[in-house]
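Convention: sequence-line order gives letters A, B, ...; per-chain numbering from 1.
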There are 2 protein chains.
Amino acid sequence: MSKVTLKDVAAASGVSYQTVSKVLNKQATVSPETEERIWEAARQLHYRPNVSARNLRTQSSNLIGYAWQRAADESPRPILDQFLYNAVLRFEQAGYHVLTLLTGATEEMDVTIYRELYGRRQVEGFILADTNHDDPRIAYLIEQNIPFASFGRANDAWDFCWVDVDGRHGMRIVVEHLLAQGHRRIGLITWPEGSEAGAHREAGYEDGLAAAGIALNPQWIVRGENTVQTGAEGTTRLLDLPAGERPTAVMCISDFIAIGALNAARAAGLQPGPDIAITGYDDLPMSQFFHPPLTTVHQPIAEVSLQLAELLLQQINNKPIAKKGILLNPRLVVRESSMR
Amino acid sequence: MSKVTLKDVAAASGVSYQTVSKVLNKQATVSPETEERIWEAARQLHYRPNVSARNLRTQSSNLIGYAWQRAADESPRPILDQFLYNAVLRFEQAGYHVLTLLTGATEEMDVTIYRELYGRRQVEGFILADTNHDDPRIAYLIEQNIPFASFGRANDAWDFCWVDVDGRHGMRIVVEHLLAQGHRRIGLITWPEGSEAGAHREAGYEDGLAAAGIALNPQWIVRGENTVQTGAEGTTRLLDLPAGERPTAVMCISDFIAIGALNAARAAGLQPGPDIAITGYDDLPMSQFFHPPLTTVHQPIAEVSLQLAELLLQQINNKPIAKKGILLNPRLVVRESSMR
DNA sequence: ATCAGTATTGCGAACGTTCGCCCGAACGTT
DNA sequence: AACGTTCGGGCGAACGTTCGCAATACTGAT
């Protein structure tokens, strides 16, 4: 049971072990009889190639690294899990496996794990997520010329492979939907400044208002971490504005925040939908079951991971890459939380 | 930049490459000066050991396989993600990395992926989740004597390493809580028969009723897949029972089902909590933000993954194992959905 | 009968480590 | 002055593949 090698198969079928290797890799010109004999022996002995030996010889590993970033607050990220699932799916089709790494809290340390894994030839490339402006990981990977592709953009000047969902467009269509519902005073609960994705989505909010000729009111914008509590406190603050300035609709930059907004609105005696419109962003699996069901923006996650995998595989195999950056469109999902 | 090997470091420091290996692995008796010279050269040249070569020589891979099962309905499993995160954390501390595999829909095919990966010496062991009675994967791994540890039990007669959360106890404390609230007619919405975890939880439900001297009413038990819809339909069915038999409390076997129950109860004009008690199981991150917040059972997931990793590492390193099965206690989390 | 040409298979080498054993020199001991 | 001991380090071998080229046998044509 222990370990059967090429030599064992060779001995069993009466040829040299190198010939066995060639036959098993379908790159030999041998007589049909010996070929069958070899295959039969391999089957009988349950031969499996040793990946370490193969990798050493071929100077490859067929492994992709994906570093999982976990926020300090332990909040899970259903989006990323779905993302990971689909990426793994694509990579396995291409004969690659995915190594799941963990990345610490400190940004500086991040780079070491990429450096080590690639330096040791353990992985052939990386998939990144949760990227940000001036992301040190991206800077490092570009500089070292290490194959990678990221979910999310970074600095515009940097030249690398990425796939992103157009948050600017996503937020804009939310605004347009709310305008169509007759809303004129629209609040926004968003993340702290400094987030690349956040900046794009905020731009979409501004675009939408500007297109409708509505002047931006700074008091309509509230910031906080990506928590339910932020949504609750932000909504309370917006509702405390004087009647003439108080928003009749609240856009949240994530479903997580939106659920806090829903709760706070109800606590204030308002029924989300008829009394105040509330929208989210991400379309978490649960969001359709909130009370009321949440209007939100759905991102084509499966498509993102597919394209990302494609980009990375092309780099690894030195294929020409048509377009390094791919921007996908999200889709508005209207539910009761924004219907009068 | 390409690839610097032991020989390069040896040439730079004027010793044989085997000596460099020993020094870098801290198992050499050399003079302090040469040692420092070697380290310095390794640092300057950015030497990183080639894992394939090392693995080939040492007959190890320092890799653990974890096969991710995805339900056909695409529903994500936040619990499992949290589980995976903590397991990876522990393994990385021990110098292992985790390979994330995908497992198809068909149960038979499952075994091949385990067979291949272990046979090719790509991984040294496996972590399993979502186990069931007569699980073919477990049967195979036991038979082949492949190191593994599973989240969840299987057949009692099988001897293998597992960690589980005591669902029987979990459901029982829910019953006791409801009894204390004055409920006597308690419904149960559960999975289809044939689930190991389901059977344990159902037993806890029965235990609790029996201890209180309440006869089990078959009509109180409704079954369906693990979806929100099941919860909604099940609740409606329970509420349709004649007044004398109609449950005043509905226990759900998962939070997913419970959210459907909450919605259906409200749709029937009942306020969850005062009018009808509803409980879940799992304590999803979102559950505390439902409307009303959901009473549920919290599982010590981080502890589960820690113990699981420990069990697997002990097997791999041929350490003696004190206890092959570890049963952890869950914790009741009382929220408004079950408070009058 | 000789020769080129092709079909089949063998062989040496290399990928980059780790491990056990050997060897020379320096040391102190009897 | 001869003899173990220890220290510092070198050397051969092996882990299991893949790959290019060499070698043999067999085919058909001249």
Side-chain angles (χ1 to χ4, degrees), chain A residues 1-39 41-42 45-63 95 116-124, chain B residues 1-39 41-42 45-63 95 116-124:
Chain A
M1 169 59 218
S2 56
K3 58 206 164 176
V4 24
T5 74
L6 280 180
K7 298 194 181 177
D8 299 318
V9 178
S13 46
V15 294
S16 76
Y17 68 93
Q18 295 98 328
T19 302
V20 175
S21 168
K22 288 175 191 168
V23 167
L24 262 30
N25 290 323
K26 307 188 199 299
Q27 53 189 26
T29 61
V30 293
S31 71
E33 306 90 60
T34 42
E35 167 147 14
E36 181 47 43
R37 231 175 41 241
I38 292 175
W39 277 107
L45 297 174
H46 297 118
Y47 169 76
R48 312 256 177 260
N50 180 309
V51 289
S52 294
R54 169 176 290 179
N55 288 344
L56 175 59
R57 177 62 230 231
T58 62
Q59 300 286 58
S60 64
S61 72
N62 285 342
L63 247 42
E116 287 302 313
L117 253 85
Y118 190 77
R120 293 164 170 252
R121 315 272 136 169
Q122 180 133 296
V123 303
E124 299 187 23
Chain B
M1 170 58 218
S2 55
K3 57 205 164 175
V4 23
T5 75
L6 281 179
K7 298 193 181 178
D8 298 318
V9 179
S13 45
V15 293
S16 76
Y17 68 93
Q18 295 97 328
T19 302
V20 175
S21 168
K22 289 177 189 169
V23 167
L24 262 30
N25 290 322
K26 306 189 200 297
Q27 53 188 23
T29 61
V30 292
S31 70
E33 306 90 61
T34 41
E35 167 149 13
E36 180 47 43
R37 233 176 40 241
I38 292 175
W39 276 109
L45 298 174
H46 297 117
Y47 169 75
R48 311 257 177 260
N50 179 309
V51 288
S52 295
R54 168 177 291 179
N55 289 343
L56 175 59
R57 176 62 230 233
T58 62
Q59 301 285 57
S60 63
S61 71
N62 285 343
L63 246 43
E116 286 302 312
L117 253 84
Y118 190 76
R120 293 164 170 251
R121 315 272 135 167
Q122 181 135 321
V123 304
E124 300 187 22

To the nearest Å, how far apart are Q27(B) CD and dG8(D) C1'?
15 Å
Tell me what T34(B) touches on the nucleic acid: a base, only sugar-phosphate, or nothing, going by heavy atoms under 4.0 Å.
sugar-phosphate
Through what angle, rounded to 10 degrees, does the axis of the helix from dA1(C)-dT30(D) to dT30(C)-dA1(D) turn between its ends, using five pairs per end?
60°
Whichever of Q59(B) and S31(B) has the more 5' nearest nucleotide on DNA chain D, that residue is S31(B)
Pairwise salt bridge (charged side-chain N to carboxylate O under 4.0 Å, His left out) hits with a residue in residues 6-28 of chain B, at least two apart:
none
Partner set under side chain to side chain donor-acceptor pair (under 3.5 Å) for T19(B), not counting sequence neighbours
S16(B)
Nucleotide interval of DNA chain C bounded by contacts with chain B (heavy-atom cut-off, under 4.0 Å)
dG16(C) to dC21(C)
Looking at residues at least two apart in the chain, or sitting in another chain, which of them share a side chain to side chain contact (heavy atoms under 4.5 Å, CB included) with E35(A)?
V23(A), V30(A), W39(A)
Taking side chain to side chain donor-acceptor pair (under 3.5 Å) as the definition, give me every residue that meets it alongside T5(A), ordered by chain and number, with sequence neighbours left out.
none
State whether the side chain of R120(B) and the backbone N or O of V51(A) hold a donor-acceptor pair below 3.5 Å, judged by distance alone.
no
Checking R54(B) now: which residues fulfil salt bridge (charged side-chain N to carboxylate O under 4.0 Å, His left out) with it, not counting sequence neighbours?
none
By the 4.0 Å heavy-atom rule, please label R120(B) as base, sugar-phosphate, or nothing.
nothing
Closest heavy-atom pair, A53(A) versus L56(B), reported as atoms and distance to 0.1 Å, is CB-CD1, 3.7 Å
List in numerical order all residues of residues 14-25 of chain B for which some heavy atom is under 4.0 Å away from an atom belonging to DNA chain C.
Y17(B), Q18(B), S21(B), K22(B), N25(B)
Applying side chain to side chain contact (heavy atoms under 4.5 Å, CB included) to Y47(B) and not counting sequence neighbours gives V4(B), L6(B), V9(B), L24(B), A42(B), P49(B)
How would you list, by chain and number, every residue that makes a salt bridge (charged side-chain N to carboxylate O under 4.0 Å, His left out) with E36(B), sequence neighbours excluded?
R43(B)
Between E124(B) and S60(B) the two heavy atoms that sit nearest each other are OE2-CB, 3.3 Å
